[in-house]
Amino acid sequence: MTIAILGATGQLVRRVVDSLLKAGTPPSSIRALGRDTTCLRADRPRSPNIHPHPASGRDRWTTNNLVSSPEPERKTMSETTTSARPLEKQIQERMLAWRDAFVSRDVDAIMSFYAPEGFTAFDLMPPFEFSGGPMWRRNWETFYTSFDGPIGLEIADLIIHASAELAIARCAVRMSGTMFGNPIDAWTRTTNCFALIEGQWLMIHDHVSWPIDFATGKALMDLTPVGAQS
């Protein structure tokens, strides 16, 4: 590679050459071109590492010892946001499919959304924590037998945070139907944690809860979330 010294004459050539030699540049790689002195104009940058590019047809300023490099491509905020949308869309579709499985009252269908190993849950019903698929399956079996007839399920205020292998969906879930012979129509707070396992988004944690009144110790089942349809 030959380093060309542009717009330099006399003592300036000597200084530039001395600097290049001290930097270890072989003498055979250094040559001066012409007597263009535009880089010495008062309105031009005077840094020894900034020079006009000779082949552009107009002055184009480059750095790093006369070697020009294109500026790195920068994504706008809208482009960055768009790149994350496909993942969020995948989780949204999983949540809607989970809702359909929920109302189907099919234990196998609902269990297909949960990781086979390492799964945990905090549910409305005891115990304090569910751990593992078999324990979680028994919970669903008990849950479905407590209902008479169909179950209704509505999702509101769905917010999704997703990365390449982990996603969190938080929402409000409205459950309705007849449970233990009594009508039920209540909103719960729900957080589902997903992991990408063998190419499929599966839940690794499920958390469902109601706020409680500390004065009475009773769950507040009549509260309505902001995004609920009237």
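Taking 4.5 Å as the limit, every side-chain heavy atom of His207 sits out of range of all side-chain heavy atoms of Cys193. The shortest side-chain heavy-atom distance between Glu129 and Phe122 falls under the 4.5 Å cut-off. You'll find the side chain of Asp185 stays beyond 4.5 Å of the side chain of Met221, heavy atoms only. Looking at Tyr144 and Ile151, their side chains come closer than 4.5 Å, going by heavy atoms from C-beta outward. Using a 4.5 Å heavy-atom threshold, the side chains of Trp187 and Glu154 count as touching. Inter-residue side-chain proximity for Asp206 and Phe130 is flagged as unmet; no heavy-atom pair is nearer than 4.5 Å.
Hydrophobic clustering keeps Ile197 apart from Leu87 (ILVMFWY residues linked when any side-chain heavy atoms are closer than 4.5 Å, directly or through intermediates). Hydrophobic clustering of Ile, Leu, Val, Met, Phe, Trp and Tyr side chains at less than 4.5 Å, counting indirect connections, unites Met125 with Ile184. Criterion: ILVMFWY side-chain heavy atoms under 4.5 Å apart, direct or through other members. Under it, Leu196 and Ile91 are part of a common hydrophobic cluster.
Of all the heavy atoms in Ala172 and Pro225, the pair that sits closest is CB-CG, 3.5 Å. Closest non-hydrogen pair, Pro211 versus Arg189, comes out as N-NH2, 3.4 Å. Taking every heavy atom of both residues into account, Pro127 and Met135 meet most closely at CG-CE, 3.4 Å.
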Would you check, one step at a time, whether the test side chain to side chain contact (heavy atoms under 4.5 Å, CB included) holds for Leu166 with Ile204?
CA-CA 10 Å; Leu166 189 66; Ile204 57 175; 4.1 Å; yes
Show your reasoning for whether ring-ring contact (aromatic ring centres under 6.0 Å, His included) applies to Phe113 and Phe102.
CA-CA 10 Å; Phe113 286 85; Phe102 188 108; over 10 Å; no
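Residue His205 holds its NE2 atom at 7.5 Å from CZ of Phe119, rounded to the nearest 0.5 Å. For the atom pair Ser209 OG and Asp123 CG, the distance stands at 10.0 Å (nearest 0.5 Å). We find the CD1-CE distance between Ile168 and Met203 to be 13.0 Å, quoted to the nearest 0.5 Å. Taken to the nearest 0.5 Å, the CD1 atom of Ile159 stands 4.0 Å off from the CZ atom of Arg170. With rounding to the nearest 0.5 Å, the separation of CD in Glu117 from CG in Leu202 is 11.5 Å. For the atom pair Met175 CE and Phe147 CZ, the distance stands at 4.5 Å (nearest 0.5 Å).
A side-chain hydrogen bond (donor to acceptor under 3.5 Å, both in side chains) check over residues 98-112, counting only residues at least two apart or in different chains, returns the pairs Trp98-Tyr114, Asp108-Arg137. Pairs engaging residues 192-203 under the side-chain hydrogen bond (donor to acceptor under 3.5 Å, both in side chains) rule: Gln90-Trp201 [sequence neighbours left out].
Members clustered with Leu220: Leu223, by chain and number, using a 4.5 Å side-chain heavy-atom cutoff among hydrophobic residues.
Around CD of Glu93, the count of heavy atoms belonging to other residues, nucleotides or ligands within 6.0 Å exceeds 12.
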